[in-house]
Amino acid sequence: MEKNQIFITCGTEYKEMTKRILEESGLAEQIGNKAFRIGIKPNMVSPSHPSNGATTHAEVLAGIIEYLQERGFRNLTLMEGSWVGDKTMDAFYACGYDRLCDEYGVVFRDTQKDKSYTADCGGMELHICTSVKDIDFLINVPVLKGHCQTKITCALKNMKGLIPNSEKRRFHSLGLHKPIAHLNMGIRQDFIVVDNICGDLDFEDGGNPVVMNRVLTGRDPVLMDAYVCNLMHYEISDVPYVELAGRLGVGCSELEKADIRACGADTGEQLPKSRKVVELADAVEEVESCSACYGYLIPALDMLKQEGLLEKLHEKIHIGQGFRGKTGELGIGHCTRNFRHHLEGCPPVETEVYKFLKDYIENHQN
């Protein structure tokens with residue numbers, strides 16, 4: 001596989017189709033050394049079954065592991081850390097990775113429990129989990145899905161699971177796009193297997209899966225994310241970290257240079273256009289909010305909208321680290337604890353947010 005190539009396959013036998021596309025992509029030849037320590041990095045953002053549209057399917061990982069073990073690669077480590085507010089091991093069991101690791105004899109490393117080191121990432125100092133230093137070849141296995149703050153999340157953003165929780169929080173105070181781009185100067189992903197089986201096109205933590213039954217492979221994370229922007233009907237400029245990563249030299253953000261190849265009859269159906277997050281975000285005043293906190297708020301707003309309650313909300317909902325020490329009317333999360341009406345939690349989950357806002361609309365609104 002050349003650096004500018006993106007391979008695509010479709011089907012419903014996820015393990016077998018993953019093995020076939022890896023064979024077409026020539027992954028074994030790219031790794032080369034059988035003694036290499038290979039890290040496999042899925043998306044385990046929260047304890048959500050992959051059918052919910054947020055986390056990497058165990059069958060895709062099984063396809064990768066079987067493909068590698070059948071070719072003599074034995075030193076494999078599954079590595080990931082969930083978002084702030086959830087425990088990685090809860091996601092590990094919810095995704096069925098416990099059975100996967102037992103069956104194939106693969107080690108799992110919870111990066112939330114890792115120590116970290118400071119790295120110069122293209123002129124920006126960032127803290128990275130020590131697991132990254134312990135591998136020779138990194139296979140990134142993100143889910144193609146939407147994100148309430150960055151519009152898309154795929155190859156580049158999935159590296160956030162390899163930084164400590166304190167750094168994840170700091171990313172939001174820095175503005176997500178710049179540190180995501182720079183992080184990929186400090187962590188080199190060598191190969192990408194994108195799970196596009198049923199990602200949620202709006203919410204990072206799932207809930208509205210869109211079935212596509214598709215897997216993509218590539219070597220350039222910037223080009224892959226540029227292609228994902230196109231698939232999700234965004235301009236590359238709509239997702240600033242993609243262009244910035246290209247300017248930093250992480251990869252190529254010029255989509256016209258991509259060589260798209262179908263492994264099979266076709267490349268699947270076109271993704272539907274979805275802008276639910278954009279509509280719901282109009283009700284929110286957000287400053288430096290963490291992904292988990294904001295990610296739980298947006299689905300709660302969707303529930304209120306379905307009930308016809310959101311249109312009755314007259315106050316803006318405030319959320320994020322930028323409101324620490326400040327006062328106001330309505331806030332979500334610990335950072336808004338000085339607001340007149342606020343929901344405690346770091347983060348409060350969507351059912352708590354929904355009940356709190358519903359009560360506010362019906363009983364406390366001026």
| query | Under 3.5 Å, is there a donor-acceptor pair linking the side chains of Q112 and T88? | reply | yes

| message | If you count every heavy atom of other residues, nucleotides or ligands that lies below 6.0 Å from E235 atom CD, does the total exceed 12? | response | no

| Side chain D195, main chain T56, donor-acceptor under 3.5 Å | no

| request: Check whether NZ of the Lys or CZ of the Arg K133 lies under 6.0 Å from the centre of the six-membered ring of Y117 and within 45 degrees of that ring's axis. | output: yes

| query | Can you check salt bridge (Lys or Arg N to Asp or Glu O under 4.0 Å) on E23 and R20, steps first, answer last? | reply | CA-CA 5 Å; E23 179 66 24; R20 285 195 300 272; over 6 Å; no

| request: Please report the C-alpha distance between F191 and N140 in whole Å, then the side-chain angles of each, then the deciding distance to 0.1 Å, and finally whether the side chain to side chain contact (heavy atoms under 4.5 Å, CB included) criterion is met. | output: CA-CA 6 Å; F191 192 82; N140 185 16; over 6 Å; no

| task | Look at R109 together with D114 and state whether they make a salt bridge at an N to O cut-off of under 4.0 Å. | result | yes

| Do R37 and D136 sit within salt-bridge range, that is, some charged N less than 4.0 Å from a carboxylate O? | yes

| said: With a 4.5 Å cut-off on side-chain heavy atoms, are Y294 and I319 touching? | reply: yes

| task | Decide yes or no for M224 and I6: does some side-chain heavy atom of the first lie under 4.5 Å from some side-chain heavy atom of the second? | result | yes

| note | In terms of heavy-atom contacts, V239 and T150 come closest through CG1-O, 3.7 Å

| message | Please check: side-chain N/O of T111 versus main-chain N/O of E80, any donor-acceptor pairing under 3.5 Å? | response | yes

| Sidechain N-carboxylate O distance under 4.0 Å for E70, K19 | yes

| Does the side chain of C154 reach to within under 4.5 Å of the side chain of V228, using non-hydrogen atoms? | yes

| query | Is any NZ, NE, NH1 or NH2 atom of the basic residue among E167 and R170 found under 4.0 Å from an Asp or Glu carboxylate oxygen of the other? | reply | yes

| Would a 4.5 Å heavy-atom cut-off, applied to side chains only, mark I65 and E103 as touching? | no

| Any luck finding a side-chain donor-acceptor pair between Q5 and T217 under 3.5 Å? | no

| task | Tell me yes or no: between the side chains of N338 and T327, is some donor less than 3.5 Å from an acceptor? | result | no

| Same cluster for Y234 and V210 if Ile/Leu/Val/Met/Phe/Trp/Tyr side chains link at under 4.5 Å? | yes

| What's in the same ILVMFWY side-chain cluster as W83, cut-off under 4.5 Å, chained through other members? | V45, Y296, V349

| request: For the residue pair H342 and E344, establish whether any side-chain heavy-atom pair is separated by less than 4.5 Å. | output: yes

| field | Nearest non-hydrogen partners of L174 and P179, listed with the distance | value | CB-CG, 4.0 Å

| query | Taking all atoms of both residues into account, what is the closest heavy-atom pair of S173 and Q321, and its distance? | reply | N-NE2, 4.1 Å

| field | Joint cluster assignment, L231 & F7, ILVMFWY side-chain distance < 4.5 Å | value | no

| V60 reachable from V143 in the ILVMFWY side-chain graph, under 4.5 Å edges | no

| query | Judged by modelled atom types alone, do Q189 and N184 share a side-chain donor-acceptor pair under 3.5 Å? | reply | yes

| request: Look up atom CD in E315 and atom CD in E285, then write down how far apart they are to the nearest 0.5 Å. | output: 11.5 Å

| Heavy-atom closest pair, residues L301 and A283 | CD1-CB, 4.4 Å

| query | Checking E24 side chain against A262 main chain: does a donor-acceptor pair fall under 3.5 Å? | reply | no

| said: Would the distance check show the side chain of K145 and the main-chain N or O of E204 forming a donor-acceptor pair, the cut-off being under 3.5 Å? | reply: yes

| said: Counting only heavy atoms from other residues, nucleotides and ligands, does the tally under 6.0 Å from CD of E125 exceed 12? | reply: no

| said: If we ignore hydrogens and angles and just use 3.5 Å, is the side chain of H233 paired with the main-chain N or O of L271 as donor and acceptor? | reply: yes

| query | Under 6.0 Å between ring centres, would you say that holds for F36 and F73? | reply | no

| said: With a 6.0 Å cut-off (strictly less than), is the heavy-atom count around CZ of R188, excluding the residue itself, greater than 12? | reply: no

| message | Quick one, S82 and D90 - any side-chain contact, counting heavy atoms below 4.5 Å? | response | no

| request: Please tell me if the side chains of P209 and P50 come closer than 4.5 Å, counting only heavy atoms from C-beta onward. | output: no

| Under the 3.5 angstrom rule, does the side chain of H57 hit a backbone N or O of E59 as a donor-acceptor pair? | no

| field | Common cluster, L27/V141, ILVMFWY with side-chain heavy-atom separation under 4.5 Å | value | yes

| said: Please evaluate residues D205 and N52 with respect to the criterion side chain to side chain contact (heavy atoms under 4.5 Å, CB included), reporting the C-alpha separation (whole Å), side-chain torsions for both, the decisive distance (0.1 Å), and the verdict. | reply: CA-CA 8 Å; D205 63 329; N52 202 37; over 6 Å; no

| request: Compute whether any side-chain donor of one residue and acceptor of the other, for E66 and Y104, lie under 3.5 angstrom apart. | output: yes

| task | Find out if a path of hydrophobic residues (ILVMFWY) with successive side-chain heavy-atom gaps under 4.5 Å connects M17 to L68. | result | yes

| message | When you measure from the side chain of T9 to the backbone of I21, do you find a donor-acceptor pair of N or O atoms at a distance under 3.5 Å? | response | no

| message | For the CG atom of L309 and the CG atom of L304, what is their distance to the nearest 0.5 Å? | response | 5.5 Å

| Step-by-step ring pair (Phe, Tyr, Trp, His ring centres under 6.0 Å) determination, Y97 to F108 | CA-CA 9 Å; Y97 297 168; F108 177 71; 7.5 Å; no

| query | So, the side chain of R169 versus the backbone of C290: is there a donor-acceptor pair under 3.5 Å, distance only? | reply | no

| task | Give the minimum heavy-atom separation between F339 and G331, together with the two atoms involved. | result | CD2-N, 3.9 Å

| query | Are the side chain of N43 and the backbone of T55 linked by a donor-acceptor contact shorter than 3.5 Å? | reply | no

| Residues I8, Y227; criterion side chain to side chain contact (heavy atoms under 4.5 Å, CB included); working and verdict | CA-CA 12 Å; I8 305 173; Y227 184 57; 3.3 Å; yes

| Step-by-step side chain to side chain contact (heavy atoms under 4.5 Å, CB included) determination, I64 to V193 | CA-CA 9 Å; I64 297 169; V193 182; 4.0 Å; yes

| said: If we ignore hydrogens and angles and just use 3.5 Å, is the side chain of R219 paired with the main-chain N or O of M1 as donor and acceptor? | reply: yes

| message | Show, in sequence, the C-alpha distance, side-chain angles and deciding distance for E307 and K358, and conclude whether the salt bridge (Lys or Arg N to Asp or Glu O under 4.0 Å) test is met. | response | CA-CA 10 Å; E307 295 181 15; K358 183 175 182 179; 3.7 Å; yes

| Separation between CG of L357 and OH of Y360, rounded to the nearest 0.5 Å | 9.5 Å

| task | Mind running side-chain hydrogen bond (donor to acceptor under 3.5 Å, both in side chains) on H127 and T118 for me, showing each step along the way? | result | CA-CA 5 Å; H127 301 292; T118 302; 3.1 Å; yes

| query | Do D259 and N4 have side-chain N/O donor and acceptor atoms under 3.5 Å apart? | reply | no

| note | Closest non-hydrogen atoms of I163 and C129, given as atom of the first, atom of the second and distance, are C-SG, 3.5 Å

| Residue pair L162 / M159, side-chain heavy-atom distance below 4.5 Å | yes

